[in-house]
*Asks:* 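Here it is, the structure, as structure tokens.
In what follows, chains carry the letters A, B, and so on, assigned in the order in which the sequence lines appear, proteins first and then strands, with residues in each chain numbered from 1. Owing to the predicted nature of the structure, the values given are computational and were not obtained by experimental measurement.
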2 protein chains.
Amino acid sequence: MKSKQSDKNTEALILDAAARVFTRNGFAGARMEEIASEAGINRALLHYYFRSKEKLFETVFRARFAEFVQGIAAINLAELSLFEKIEKLVDHQINSNRSNPGLAHFIMHELNCNPESLIQLAHENSRGFSTMFQAFSASVNEEITQGNIRPVKPTSLLINIMSMSIFPFTGKPMLSQILKMDQTTFEEFLDYRKKEIPEFIIQSIRKK
Amino acid sequence: MKSKQSDKNTEALILDAAARVFTRNGFAGARMEEIASEAGINRALLHYYFRSKEKLFETVFRARFAEFVQGIAAINLAELSLFEKIEKLVDHQINSNRSNPGLAHFIMHELNCNPESLIQLAHENSRGFSTMFQAFSASVNEEITQGNIRPVKPTSLLINIMSMSIFPFTGKPMLSQILKMDQTTFEEFLDYRKKEIPEFIIQSIRKK
DNA sequence: GTCTATATCGGGATAGAC
DNA sequence: GTCTATCCCGATATAGAC
């Protein structure tokens, strides 16, 4: 389908720029002009590769959603103890969000604004969700029956892990306001949390 | 300045509708037409009361931000033990977000997209922030010196509280996907968390 | 204060040359 | 495959009657 020389290249440039702009401003706030100039081309070419803003967005969103979910799934499905999963989930979330600023917020924002259309799109990527969550639940229940941790709902525990790891990123502008953090303080804070969150969680659930 | 009979009334209607629409779709996604029709009037009248979309938005944002922050501040400044503060903060966040769906996400989204302009606007409301946070820190440090809890950074603890209370709302569409929750399951889950989160936190920090 | 009608403009999309 | 020029609609904003 693709033929000429710099074809694949340009498409990648567009997707890259589009990912950045959509992530920064959301679908409604993004301008095709901005995407074009950030990709070093003009608007017409965007429409040549992807017929419409919607199509372009859909492509970007699908990719970014997969990007967001894949690490979580991999860790949950791995052969790891619960405590190791917790550590790795936190570590991965913090690393991933740090190198992809705005990703988590982007996903959440678009899902919030497009309940209908995007949710089924996200659903494609989600055929692994139930197995992933079952794997996590299994780890939790195993530790409970072995008497290593107190009884907790796997759902709640998973949400607690995600909350504490992700919220500082989606809420960054507010937090840096309230807590008067500049960029470097924030970075240090993130490193600190990579150890602190797993400790915090394990302290809470471990039987002593 | 305001004179005729239904004056205050209409203004309130507009602000109400605008708050709903902006909260639902964000500034960029909101349409003046939608706000007008939801207020039961027409577009022209919006511009009569508030000169532009920006002005209207600014008014709404200011109010909603205050709304979001006030409860948190009040609790932190109250004469309460740390554990009581934790319970009340969680309870308040869950109640507040439940009756104001989308509020937290709205605030965070607009702050994310408008780093420059809105952050200073939020700053107005924030002259209480440092005293609020100092009050919370004092509570934490008191419990530490009394040997009731293990040493924890007040910043981290506060963020943990907020994270676990707020994230389920901002991330609701994603969570209900991954965890296959319908609306009633979600509501039950929230009630459960009102008790579970404080327990989870206190279990983690209390010395036994 | 509230409406209808209209001006104006930004931005998504297309046509057509190269 | 990439560009320039243009179309066209949607949305903000204003004018002016009532």
Side-chain angles (χ1 to χ4, degrees), chain A residues 1-62 106 109-110 113-114 116-118, chain B residues 1-62 106 109-110 113-114 116-118:
Chain A
M1 209 122 281
K2 315 299 167 50
S3 45
K4 289 279 177 62
Q5 79 285 31
S6 66
D7 191 357
K8 194 76 180 298
N9 213 340
T10 303
E11 192 174 325
L13 280 176
I14 293 175
L15 284 172
D16 245 48
R20 282 196 300 277
V21 175
F22 279 135
T23 303
R24 228 177 15 238
N25 303 119
F27 174 78
R31 298 296 97 129
M32 292 297 264
E33 169 58 35
E34 198 180 349
I35 295 174
S37 77
E38 198 148 317
I41 55 168
N42 62 23
R43 264 165 294 157
L45 209 50
L46 292 182
H47 288 92
Y48 174 80
Y49 280 90
F50 306 85
R51 270 186 50 78
S52 67
K53 189 184 179 187
E54 272 81 8
K55 298 270 189 199
L56 177 55
F57 176 78
E58 201 182 300
T59 310
V60 168
F61 182 83
R62 205 180 248 112
F106 168 67
H109 177 65
E110 299 304 333
C113 288
N114 296 291
E116 340 71 36
S117 56
L118 285 186
Chain B
M1 210 124 278
K2 315 299 168 48
S3 44
K4 289 281 176 62
Q5 81 285 33
S6 66
D7 190 357
K8 194 77 179 297
N9 213 341
T10 303
E11 193 174 323
L13 281 176
I14 294 175
L15 285 172
D16 244 48
R20 282 196 301 276
V21 175
F22 280 135
T23 303
R24 227 176 17 237
N25 304 120
F27 175 77
R31 299 296 96 132
M32 293 295 265
E33 169 57 35
E34 197 181 349
I35 296 174
S37 77
E38 199 148 316
I41 55 168
N42 62 22
R43 264 163 294 156
L45 209 50
L46 292 182
H47 289 91
Y48 173 79
Y49 279 90
F50 306 85
R51 270 187 52 79
S52 66
K53 189 184 179 185
E54 272 81 8
K55 297 270 188 198
L56 177 55
F57 176 78
E58 201 182 301
T59 310
V60 167
F61 182 83
R62 205 179 247 112
F106 168 68
H109 177 65
E110 299 303 333
C113 289
N114 296 292
E116 340 72 35
S117 56
L118 284 187

*Asks:* Could you tell me the separation between the CZ atom of B:Phe57 and the C1' atom of D:dA11, rounded to a whole number of Å?
*Replies:*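 Taking CZ of B:Phe57 and C1' of D:dA11, I get 17 Å after rounding.
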
*Asks:* Check the distance between D:dT12's P and B:Lys55's NZ and give it to me in whole angstrom.
*Replies:*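 Nearest whole value for this atom pair: 17 Å.
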
*Asks:* Less than 4.5 Å apart, any side-chain heavy atom of A:Phe22 and any of A:Ile35?
*Replies:* yes

*Asks:* Report which part of the nucleic acid A:Leu46 touches: base, sugar-phosphate, or nothing (heavy-atom distance under 4.0 Å, all strands).
*Replies:* nothing

*Asks:* Taking only N and O in the side chain of B:Tyr49, is any of them less than 4.0 Å away from OP1 or OP2 of C:dT2?
*Replies:*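 Indeed, a polar side-chain atom of B:Tyr49 lies that close.
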
*Asks:* From D:dT2, C:dT2, D:dT12, pick the nucleotide closest to the side chain of A:Tyr48?
*Replies:*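 Selected nucleotide (nearest to the side chain): D:dT2.
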
*Asks:* Measure from the side-chain N and O atoms of A:Lys53 to the backbone N and O of A:Phe27, and report whether any donor-acceptor pair falls under 3.5 Å.
*Replies:* yes

*Asks:* Any base atoms under 4.0 Å from A:Ala36, or only sugar-phosphate, or nothing? Heavy atoms, all strands.
*Replies:*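 Result for A:Ala36 = nothing.
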
*Asks:* Taking only the side-chain nitrogens and oxygens of A:Arg43, find out if one of them lies under 4.0 Å from OP1 or OP2 of D:dC3.
*Replies:*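 Checking D:dC3 against A:Arg43, no side-chain N or O comes under 4.0 Å of OP1 or OP2.
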
*Asks:* Within this structure, what is the CZ-to-C1' distance between A:Arg51 and D:dG1, rounded to whole angstrom?
*Replies:*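 Rounding to the nearest Å, CZ of A:Arg51 and C1' of D:dG1 are 18 Å apart.
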
*Asks:* With heavy atoms under 4.0 Å as the rule, sort A:Glu54 into base, sugar-phosphate or nothing.
*Replies:*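 The answer is sugar-phosphate, as A:Glu54 gets under 4.0 Å only of primed atoms, P, OP1 or OP2.
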
*Asks:* Whether A:Thr10 contacts D:dG1 is assessed here as follows: a side-chain N or O lying under 4.0 Å from the phosphate OP1 or OP2. Is that the case?
*Replies:* no

*Asks:* OP1 or OP2 of C:dG12 sitting under 4.0 Å from any side-chain N/O of A:Arg31?
*Replies:* yes

*Asks:* Check whether any side-chain heavy atom of B:Val60 lies under 4.5 Å from a side-chain heavy atom of B:Thr23, and answer yes or no.
*Replies:*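 Not touching, per the 4.5 Å side-chain cut-off.
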
*Asks:* Can you tell me how far SG of B:Cys113 sits from CZ of A:Arg24, rounded to the nearest 0.5 angstrom?
*Replies:* 10.0 Å

*Asks:* Has A:His47 got a side-chain N or O lying under 4.0 Å from the OP1 or OP2 atom of C:dT14?
*Replies:* no

*Asks:* Whole-Å distance between D:dC9 P and A:Lys53 NZ?
*Replies:*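 Nearest whole value for this atom pair: 18 Å.
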
*Asks:* Whole-Å distance between C:dC3 P and B:Leu45 CG?
*Replies:*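 My rounded result for the distance is 6 Å.
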
*Asks:* Does any non-hydrogen side-chain atom of B:Phe61 lie less than 4.5 Å from one of B:Phe106?
*Replies:* yes

*Asks:* Whole angstrom is fine here: how far is it from CE in B:Met32 over to P in C:dT6?
*Replies:*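 It works out to 21 Å between those atoms.
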
*Asks:* Just how far, in rounded Å, is P of C:dG11 from CG of A:Asn25?
*Replies:*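 In whole Å, C:dG11 P lies 12 Å from A:Asn25 CG.
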
*Asks:* Do any side-chain nitrogens or oxygens of B:Asn42 fall under 4.0 Å of OP1 or OP2 in C:dT2?
*Replies:*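 For C:dT2, OP1/OP2 do not have a side-chain N/O of B:Asn42 under 4.0 Å.
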
*Asks:* Separation of B:Leu56 atom CG from D:dT12 atom P, in whole Å?
*Replies:* 11 Å

